[in-house]
There are 2 protein chains.
Amino acid sequence: MNNSLPKVATPVGPAGTASSRVFDNLRKDLVGGRFVAGEKLAINALKEHYQVGLSPLREALNKLAAYGLLVQENQRGFRVPKLSREELDDIAHMRLEMEGMALERAIANGDSLWEADLLAAAHRLKRADITLDKGEEWERLHTQFHRTLVAPCGSVWLLRFIEQLHDQFDRYRRLGPKMPTIRQELDEQHHQLVELALQRDAKAARELMDDHIHKSYEVALKRYQEHA
Amino acid sequence: MNNSLPKVATPVGPAGTASSRVFDNLRKDLVGGRFVAGEKLAINALKEHYQVGLSPLREALNKLAAYGLLVQENQRGFRVPKLSREELDDIAHMRLEMEGMALERAIANGDSLWEADLLAAAHRLKRADITLDKGEEWERLHTQFHRTLVAPCGSVWLLRFIEQLHDQFDRYRRLGPKMPTIRQELDEQHHQLVELALQRDAKAARELMDDHIHKSYEVALKRYQEHA
DNA sequence: TTAGACAAGATAATCGATTTTTTAACCTAC
DNA sequence: GTAGGTTAAAAAATCGATTATCTTGTCTAA
């Protein structure tokens with residue numbers, strides 16, 4: 001086969017449409033706390049910032065509103081949702097229920113490929129942590145680790161909800177700077193979770209997951225309270 | 001006060017923006033089965049059908065995609081999601097977990113205003129059924145009843161997920177024509193649910209809710225299997 | 001025949017400009 | 001001073017047209 005002129009290529013292109021690109025970037029920035037909660041978005045400024053036209057930008061904003069990372073009010077644009085203690089409690093509580101459920105099911109269903117993925121994800125996460133990266137890459141790997149952990153739970157909708165809750169939770173967790181002490185503790189738990197998962201100890205794994213979410217919750221709460 | 005020239009009025013107008021109007025209509029039509037699963041949407045045809053311009057229509061489509069009632073593929077538009085036995089099972093299973101949880105919490109939290117709302121919602125639903133309405137109104141009241149039942153569960157996110165699951169579930173349930181026999185049975189359960197809720201019998205209520213969802217699931221499954 | 005190339009038509013995505021609505025500032029009458 | 005009203009500016013929503021991409025049918029060469 002002659003490959004002098006690769007037909008379509010773009011095998012790992014930076015995604016197709018302007019709309020999807022700005023959606024990804026906005027989502028990252030909203031979750032990462034680069035907007036202040038309650039703020040009204042200045043669409044023209046966003047247009048410049050993300051270097052897109054009005055139409056793709058508005059389409060991205062609409063998607064984010066349906067996803068819950070923005071609030072849309074008829075005729076008066078888009079806002080970043082407010083933060084509240086009540087909502088943080090709600091999100092954490094839902095994470096407890098849903099990730100616990102998902103983890104138990106994943107441990108029941110996961111095959112050996114899953115075990116390998118899990119070890120790999122945990123290892124990548126640990127290395128990124130050692131590297132003391134600026135954080136963005138650690139966040140990506142952290143998300144990926146938790147995603148992998150529950151991936152074989154067997155429910156597409158459960159995974160979808162969990163992902164949504166993570167994004168919401170991270171709006172609180174990522175309000176402030178890193179807290180090295182507790183972070184170490186949480187990192188330790190990641191590895192323990194892998195071990196328990198490999199041992200197929202669903203009960204212990206769920207208890208540890210509960211504790212993990214509890215500790216994360218305390219971090220998020222502290223940051224929320226210290227925030228303003 | 002002189003009311004010769006009512007200034008702004010529109011106190012209960014048919015919603016503000018073209019985008020939100022077409023979103024509501026499309027959502028209703030998608031849930032009600034007026035599109036065939038897997039179908040690719042012809043945007044120009046929709047523009048005519050819903051009498052809107054391209055921009056508000058696309059914004060609505062984007063929101064519906066983020067919500068899960070449409071699938072968006074880069075550069076090739078929007079499709080109605082396929083139906084599958086696996087997904088129906090998933091949705092039903094998630095409904096069991098989440099509505100059960102919500103009902104228990106609602107029974108723990110609900111006040112006397114809730115009791116009144118619940119009785120009212122159940123009564124309206126029963127009357128609509130007697131009227132043998134074309135169905136659209138019954139559907140609205142049915143949704144409203146289930147929403148009321150779990151409303152005071154205390155979790156905004158749980159309610160949000162349940163609503164999303166209902167929309168998805170209804171894509172299956174509303175595939176075919178009504179089934180009067182089983183419908184009667186399900187209607188009966190609505191009233192029993194109210195009774196158990198008023199008695200604050202969380203355990204029995206949850207069991208009945210499980211059964212209710214199971215029966216609905218069987219209806220939906222049958223319709224899915226008979227469908228094509 | 002059939003895989004690949006090509007062109008024409010259809011559709012999706014985006015842009016630039018217009019229309020509509022809200023917001024803010026100012027004014028006036030009580 | 002303050003409620004109500006007017007208007008100018010700003011912002012949101014929408015439109016009409018353009019650009020980019022995909023799809024389909026046809027043709028050619030092996």
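Protein chains get the first letters and strands the later ones, always in sequence-line order, with residue 1 at the start of each.
Legend: ring pair (Phe, Tyr, Trp, His ring centres under 6.0 Å) pairs involving residues 141-164 of chain A, not counting sequence neighbours, sorted by first then second residue: Trp138(A)-His142(A), His142(A)-His146(A), His142(A)-His190(A), Phe145(A)-His190(A), His146(A)-His166(A), His146(A)-His190(A), His146(A)-His212(A), Trp157(A)-Phe161(A), Phe161(A)-Phe161(B).
Taking atom CG of Leu57(A) as the reference point, atom C1' of dT14(D) lies 15 Å away to the nearest angstrom. As rounded to whole Å, 13 Å separates atom P of dA12(D) from atom CG of Asn74(A). If you take CD of Gln72(B) and C1' of dT14(C), they are 14 Å apart, rounded to a whole angstrom. The CD atom of Gln75(A) sits 10 Å away from the P atom of dT23(C) (whole-angstrom rounding). In this entry the distance linking CG of Leu54(B) with C1' of dA13(D) reads 13 Å, nearest Å. If you measure from atom CZ of Arg76(A) to atom P of dT22(C), you get 6 Å, rounded to the nearest angstrom. For the pair Glu59(A) CD and dC15(D) P, the computed distance is 14 Å after rounding to whole Å.
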Point to revise | Criterion side chain to side chain contact (heavy atoms under 4.5 Å, CB included) on His214(B) and Leu96(B), from CA distance to verdict | key: CA-CA 8 Å; His214(B) 262 118; Leu96(B) 280 175; 4.1 Å; yes
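Distances from the side chain of Ser55(B) to the nucleotides dA12(D), dT23(D), dC15(D) place dC15(D) closest. Distances were taken from every side-chain heavy atom of Arg58(A) (C-beta onward) to each of dA13(D), dT14(C), dT23(C); the shortest belongs to dA13(D).
For Ser55(B), there are no side chain to side chain donor-acceptor pair (under 3.5 Å) partners, not counting sequence neighbours. The side chain to side chain contact (heavy atoms under 4.5 Å, CB included) search around Leu175(B) returns Leu83(B), Arg223(B), Tyr224(B), His227(B), not counting sequence neighbours. Residues passing the salt bridge (charged side-chain N to carboxylate O under 4.0 Å, His left out) test with Glu139(B), sequence neighbours excluded: Arg173(B), Arg174(B).
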Show the atom names and distances, to 0.1 Å, of all donor-acceptor pairs under 3.5 Å that link a side chain in residues 37-48 of chain B to residues at least two apart or in another chain.
| residue | atom | partner | partner atom | Å |
| --- | --- | --- | --- | --- |
| Glu39(B) | OE1 | Val36(B) | N | 2.9 |

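Of the residues in residues 35-52 of chain A, not one comes within less than 4.0 Å of DNA chain C through any heavy atom.
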